[in-house]
2 protein chains.
Amino acid sequence: MTLRVDLPQGGYDIVIERGVLAEAGKQLDLKRRCLVVTDDGVPAEYAATVAAACETATVVTLPCGEASKSLANFELLCRAMLEAELSRSDCVVAVGGGVVGDLAGFAAACYMRGIDFYNIPTTLLSQVDSSVGGKTAVDFCGVKNIIGAFHQPKKVLIDPNVLSTLHPRHVAAGLAEALKMGMTSDRTLYELFRQGKAREQIDKVIELALRIKISVVEQDEREGGLRRILNFGHTLGHGIEALQGEDGYYHGECVALGMIPMCGDGIRAELVEILDSLGLPTRLNVDLEEALAFADHDKKCEKGGVLVIRVDTVGEYIIEKLPLPLWKQMIRERMQEGKE
Amino acid sequence: MTLRVDLPQGGYDIVIERGVLAEAGKQLDLKRRCLVVTDDGVPAEYAATVAAACETATVVTLPCGEASKSLANFELLCRAMLEAELSRSDCVVAVGGGVVGDLAGFAAACYMRGIDFYNIPTTLLSQVDSSVGGKTAVDFCGVKNIIGAFHQPKKVLIDPNVLSTLHPRHVAAGLAEALKMGMTSDRTLYELFRQGKAREQIDKVIELALRIKISVVEQDEREGGLRRILNFGHTLGHGIEALQGEDGYYHGECVALGMIPMCGDGIRAELVEILDSLGLPTRLNVDLEEALAFADHDKKCEKGGVLVIRVDTVGEYIIEKLPLPLWKQMIRERMQEGKE
């Protein structure tokens with residue numbers, strides 16, 4: 001199945017197909033110099049398959065984990081492109097999760113002020129969310145995604161087969177992001193979760209989540225307004241994530257936690273039940289006040305308060321600016337409830 | 001006088017006015033957190049004037065010179081913005097020449113994936129060229145502008161009064177870039193030079209050069225084709241520049257040299273005469289072969305050759321792709337002539 005992202009400056013296709021990874025050479029224009037970026041948490045044969053289809057490939061394998069999304073690795077990729085003599089008409093291919101995609105995409109965005117970028121996401125999290133929409137970035141000084149660019153991919157290949165090699169906990173983290181989209185925008189997607197069918201109908205979950213993502217990106221490429229709904233659960237989520245060490249919660253798990261207090265009283269219990277059944281956390285393992293303090297530097301916190309997304313009815317959202325103290329108080333009250 | 005740059009995603013104004021620097025507070029929206037970037041070659045009162053008009057200003061003064069256009073300084077500016085707690089609705093103001101503008105513009109392009117950027121160019125070179133058009137970048141591994149972004153300014157303030165504190169050699173270097181635009185696109189502008197009136201009618205030179213620049217940028221924001229005419233003289237020019245130490249030729253001087261072999265036989269002698277009268281170099285002080293070798297890595301050199309801009313008749317240009325050896329041979333022959 002091919003979904004299309006339509007944008008003023010030229011759109012692109014998302015191909016969702018079991019086995020499409022092996023067809024990278026047919027799907028993408030790799031008859032040029034290609035920088036293939038992956039990490040050591042991704043089966044090496046995925047990047048090797050892509051590299052074999054390239055005219056000239058330079059494969060860079062980064063250490064797995066959020067720490068790789070750094071300015072130092074951005075520099076490393078730029079150096080690799082320079083050494084491989086990539087020109088403006090060459091390209092970058094990401095084969096990995098969100099960390100690889102965000103970093104490689106940012107390098108592609110800046111090298112010679114922007115060269116072609118292909119994304120082959122290999123985690124559920126990146127398949128349902130970060131691989132589409134053109135948000136690229138690195139973390140800096142402990143702040144997530146603070147340095148980055150909007151740089152749309154030329155094409156995205158999503159192969160649900162790769163999920164079979166993914167740890168179940170990673171799958172659950174990805175499901176949390178898909179559930180997030182159902183919560184704000186799609187009762188049908190939410191129902192798959194409520195009925196416990198999300199895992200068995202994973203291809204459908206990917207498709208529905210991406211349809212929401214695409215619709216949002218088409219309406220608001222640069223995150224002026226609507227796109228913020230994708231940040232549902234993310235302000236607190238980022239705070240929790242920032243407090244974690246290497247062994248802490250995954251991004252999707254933090255988003256799962258972050259959604260709980262942003263849901264109205266009528267649906268919060270059901271959400272917690274769904275998260276529980278997916279094996280996602282519903283109780284904090286870090287100090288709430290410390291997590292809340294991170295919002296003081298969150299880039300979604302503009303003058304006069306923090307922009308929050310709330311869901312009181314599944315499939316509908318409320319965007320509102322709350323003064324920081326009020327937002328914190330709301331979370332304190334609702335996270336306490338969650339602990340009972 | 002106000003010139004308008006019209007672009008699909010929203011245009012911006014260029015205000016050319018003697019004394020406009022002192023009116024920055026009226027002209028720009030500085031009632032927010034502002035990062036003001038300048039260098040120690042710019043009279044400190046310029047940045048101080050701008051800072052005084054800001055609600056909150058953080059002034060960063062970099063060492064003067066091309067070496068400041070580095071990834072390290074990009075990081076330094078990002079850190080400064082983070083420490084000053086700039087949000088997505090805050091801004092960066094450049095007060096300086098092309099180095100300051102390119103670097104500060106790139107930092108503004110990437111911080112939170114892009115915040116507002118104002119440019120107040122204080123050299124003739126940046127006034128007639130680099131301050132308009134949204135090309136931002138840093139140098140990396142000895143390659144100029146290899147990492148960067150297209151990020152248009154919100155407004156550009158050009159105060160010709162600041163040129164009075166500029167060293168005559170800097171003025172000449174700026175005139176070389178203006179002359180470049182006359183050569184490819186405007187006989188009227190060229191005539192000012194041919195008649196020896198460029199210095200006395202500097203405001204007119206700035207206006208005419210910017211009108212060309214604006215027209216080119218409007219037609220080709222992302223440098224897909226036409227915009228390349230602005231690179232007239234730049235391929236060899238960058239090669240010469242890359243070989244220089246701190247005491248070498250200025251950018252505009254390198255462009256002056258770079259234009260000579262790209263002119264047809266009918267106009268080359270007149271160009272050399274004009275350059276001479278402006279105090280610009282017409283003979284190489286570096287090894288020609290070494291300068292030519294840099295084109296092997298020039299980002300304008302794509303597969304199958306180097307894209308060159310040639311001028312055989314003033315006001316008209318030819319864009320063509322030449323195999324590298326042919327381009328080098330042409331320059332060897334024509335630069336030898338220039339040396340006689």
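Below, chain A is the first sequence line, B the second, and so on; all start at residue 1. Note: hydrogens, waters and symmetry copies are ignored here, and every other heavy atom, side chains too, is used.
- Only the side chain of Gln9(A) comes within contact range of chain B, with at least one heavy atom under 4.5 Å from a heavy atom of that chain.
- Distance SG/Cys141(B) to CD/Glu75(A): 7.0 Å, rounded to 0.5 Å.
- With Arg113(A) contributing its side chain and Thr136(B) its backbone, the two residues share a donor-acceptor pair below 3.5 Å.
- Contact of Ile147(A) with chain B is made through backbone and side chain together, with heavy-atom distances under 4.5 Å.
- Across all their heavy atoms, Phe140(B) and Leu82(A) have their closest contact at O-CD2, 3.8 Å.
- Here Leu71(A) contributes atom CG and Cys78(B) contributes atom SG; the two are 7.0 Å apart, rounded to the nearest 0.5 Å.
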